[in-house]
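In what follows, every heavy atom counts, from backbone to side chain, and hydrogens, waters and symmetry copies are set aside.
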Amino acid sequence: MQLQHGLRLLIRGRKLAACVLSALALGFSPPVLGAQDELKLSEPQARNLGVRVAHPVASRTDLTLPYPVQIVIPTPQLWVVSAPVAGMVAGLPVGRGDRISAGQPLVVLESPSFVSQQRDYLHAIAQELLASQQLKRNIDLFEGKAIPQRVLEASQAEARQATLVVAERRQMLRLSGMSDEAISRLVQEAAISATLTVNAPQTASVVDVAVSPGQRLEQSAPLVKLARLSPLWAEIAVPAASIRAIRTGAKVEIEGYATPGKVVLVSETTDPATQTILVRAEIPNDGELHPGQTAAARIGFLSAGDSAWEIPYAGLVRRGEQTSVFVAFDGGFRLVPVTLLAEDQDHVVVSGPITDRDEIAIGGISALRGILSGLGQ
């Protein structure tokens with residue numbers, strides 16, 4: 001491996017020397033002091049070095065190049081409805097993809113546990129009534145000095161405890177899905193039911209159904225996964241080199257979708273496998289976007305006062321953290337610093353002191369860099 005690395009360095013050094021020697025043979029004169037980023041080069045010399053040029057193209061409405069995006073459901077808008085009691089699935093009136101409204105039945109359960117909860121509630125009410133009646137009798141007896149105060153206090157404590165038990169049992173029925181109206185009817189009619197209907201807590205869409213009719217479940221087992229599908233998140237993979245131009249609040253356009261969104265998150269971590277950074281945008285959804293869908297997205301530059309230009313990827317010159325382009329002038333080329341805004345395999349979007357009338361070198365870049373490096377020493 002070290003031998004191969006050394007050979008590559010040797011070949012690269014020979015290429016650089018060849019570029020410098022070619023330039024000297026063509027009559028290239030060294031740049032003067034203070035003009036280290038300018039190359040005096042005639043058109044025939046440039047052609048012999050393989051230099052090709054192209055004009056920058058104004059980037060569309062200051063948007064980045066298209067990046068791959070996946071549409072996902074925001075986690076705050078996703079929840080799971082679980083079984084409030086153990087039992088068996090007796091009915092399943094909804095399916096995956098259904099649009100449901102608040103209070104609509106989702107799953108019908110048959111549950112012995114639910115029967116026990118109703119019985120315990122009715123028993124607690126009966127006990128509360130007995131404790132209340134006993135307290136009234138003891139109050140009368142105490143006023144007639146027939147019982148000591150400690151008996152009255154014990155009776156008061158028993159009445160308070162009975163009231164707390166009723167409140168506890170009532171709350172358990174509410175957690176099981178019984179409405180206040182159904183609980184009141186249970187008290188009036190004492191009609192205990194073995195069937196419990198689990199209703200939708202709010203208007204949503206059914207993302208997944210985790211059970212099937214006849215299945216037996218434990219308490220808290222997942223039944224149905226629900227979600228609100230507007231707005232949605234667009235998760236965009238942006239190359240790490242292009243992330244500096246993207247800020248929270250920037251406009252995001254999904255190709256093929258009319259309504260734009262905005263950036264709500266720029267991740268602080270990089271995916272080691274793809275060297276991309278997650279950018280999350282929030283997109284209003286009128287039904288055209290679907291979770292799991294893949295598309296392409298363009299992100300707006302917040303520094304919209306600067307013009308953005310698209311050039312072929314081959315025209316970008318990198319020197320450490322700096323990026324530049326070779327701009328032609330009368331008699332040679334000048335290395336002009338630019339800000340890299342976006343890039344893909346074929347093109348880059350930059351901003352800087354260039355216009356669509358300039359000619360940008362997109363071929364022979366290695367020769368120009370070699371000459372600049374060799375003559376600048």
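- Leu92 and Leu217 fall within the same hydrophobic cluster, defined by Ile, Leu, Val, Met, Phe, Trp and Tyr side-chain heavy atoms under 4.5 Å apart, directly or through other members.
- The hydrophobic cluster containing Ile354 does not contain Val53, counting ILVMFWY residues as joined when their side-chain heavy atoms lie under 4.5 angstrom apart, directly or transitively.
- Each salt bridge (Lys or Arg N to Asp or Glu O under 4.0 Å) pair with one or both residues in residues 267-286, not counting sequence neighbours, appears once here: Glu235-Arg280.
- Phe329 carries Arg334 over the face of its six-membered ring, with the cationic atom under 6.0 Å from the centre and within 45° of the normal.
- The nearest pair of heavy atoms linking Leu372 to Asp37 is CD1-CA, 4.1 Å.
- Every side chain to side chain donor-acceptor pair (under 3.5 Å) that Gln117 has, sequence neighbours left out, goes to Ser176.
- Taking the salt bridge (charged side-chain N to carboxylate O under 4.0 Å, His left out) definition, one finds that Arg174 meets it with Asp180, sequence neighbours left out.
- Looking at every heavy atom in both residues, Leu232 comes nearest to Ile73 through CD2-CA, 4.2 Å.
- Residues that satisfy the salt bridge (charged side-chain N to carboxylate O under 4.0 Å, His left out) test with Arg216, not counting sequence neighbours, are absent from this structure.
- At least one donor-acceptor pair under 3.5 Å links the side chain of Ser179 to the backbone N or O of Ala182.
- Here the side chains of Val209 and Leu106 are not in contact, with every heavy-atom distance at 4.5 Å or above.
- No side-chain donor-acceptor contact under 3.5 Å links Gln171 to the backbone of Glu168.
- Partners of Thr163 by side chain to side chain donor-acceptor pair (under 3.5 Å), not counting sequence neighbours, listed by chain and number: Glu128.
- When each of Glu255, Glu253, Glu310 is paired with Arg298, the salt bridge (charged side-chain N to carboxylate O under 4.0 Å, His left out) condition holds for Glu255 and for no other.
- Cluster annotation: Val107 is not connected to Val85 through the hydrophobic network of ILVMFWY side chains, with a link wherever side-chain heavy atoms come within less than 4.5 Å.
- For Arg96, the salt bridge (charged side-chain N to carboxylate O under 4.0 Å, His left out) test picks out no residue, with sequence neighbours left out.
- Through direct or indirect side-chain contacts shorter than 4.5 Å among Ile, Leu, Val, Met, Phe, Trp and Tyr, Val72 is connected to Trp233.
- Ser324 is linked by a side chain to side chain donor-acceptor pair (under 3.5 Å) to nothing, counting only residues two or more places apart in sequence or in another chain.
- Note: the hydrophobic cluster containing Leu335 does not contain Val327 (ILVMFWY, side chain heavy atoms under 4.5 Å, direct or indirect links).
- Enclosure of atom NE2 in His123 is not indicated, since only 12 or fewer non-hydrogen atoms of other residues, nucleotides or ligands lie within 6.0 angstrom.
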Can you give each donor-acceptor pair under 3.5 Å made by side-chain atoms of residues 133-147, sequence neighbours left out, with the distance rounded to 0.1 Å?
| from | atom 1 | to | atom 2 | distance (Å) |
| --- | --- | --- | --- | --- |
| Gln134 | OE1 | Arg137 | NH2 | 2.7 |
| Gln134 | NE2 | Asn138 | OD1 | 3.1 |
| Asn138 | ND2 | Ser155 | OG | 3.2 |

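- Here the closest heavy-atom approach between residue Ala124 and residue Val166 is recorded as O-CG2, 3.3 Å.
- A side-chain donor-acceptor contact under 3.5 Å links Gln104 to the backbone of Ser101.
- Between Pro312 and Val348 the shortest heavy-atom distance is O-CG2, 4.2 Å.
- Residue Pro105 comes nearest to Asn199 through the heavy atom pair CA-OD1, 3.4 Å, listed as atom of the first residue, atom of the second, then distance.
- Among residue pairs with one or both ends in residues 97-114, none qualify as salt bridge (Lys or Arg N to Asp or Glu O under 4.0 Å); sequence neighbours excluded.
- Remark: side-chain polar atoms of Gln77 are paired, donor with acceptor, to backbone N or O of Pro231 under 3.5 angstrom.
- Note that the CH2 atom of Trp79 and the CD atom of Gln202 stand 3.5 Å from one another [nearest 0.5 Å].
- Of the possible polar contacts, none joining the Ser111 side chain to the Gly87 backbone as a donor-acceptor pair under 3.5 Å is found.
- Leu78 and Val198 fall into different hydrophobic clusters, defined by Ile, Leu, Val, Met, Phe, Trp and Tyr side-chain heavy atoms under 4.5 Å apart, directly or through other members.
- Applying side-chain contact (heavy atoms from CB on, under 4.5 Å) to Trp309 and the options Val57, Asp356, Val325 leaves one that passes, Asp356.
- Checking side-chain atoms of Gln322 against main-chain N and O of Arg318 turns up no donor-acceptor pair under 3.5 Å.
- Looking at Ile311 and His347, their side chains never come closer than 4.5 Å, going by heavy atoms from C-beta outward.
- At least one side-chain heavy atom of Ile299 sits less than 4.5 Å from a side-chain heavy atom of Val238.
- Counting all heavy atoms, side chain and backbone alike, Ile283 lies closest to Gly261 at CD1-CA, 3.5 Å.
- From Asp358, atom CG reaches atom CZ of Phe326 across 14.5 Å, with rounding to the nearest 0.5 Å.
- Looking at residues two or more places apart in sequence or on another chain, you find no salt bridge (charged side-chain N to carboxylate O under 4.0 Å, His left out) involving Arg119.
- Gln118 CD to Leu173 CG: the interatomic distance, rounded to the nearest 0.5 Å, is 6.5 Å.
- Remark: Ser212 engages Gln215 in a side-chain contact (heavy atoms from CB on, under 4.5 Å) (not counting sequence neighbours).
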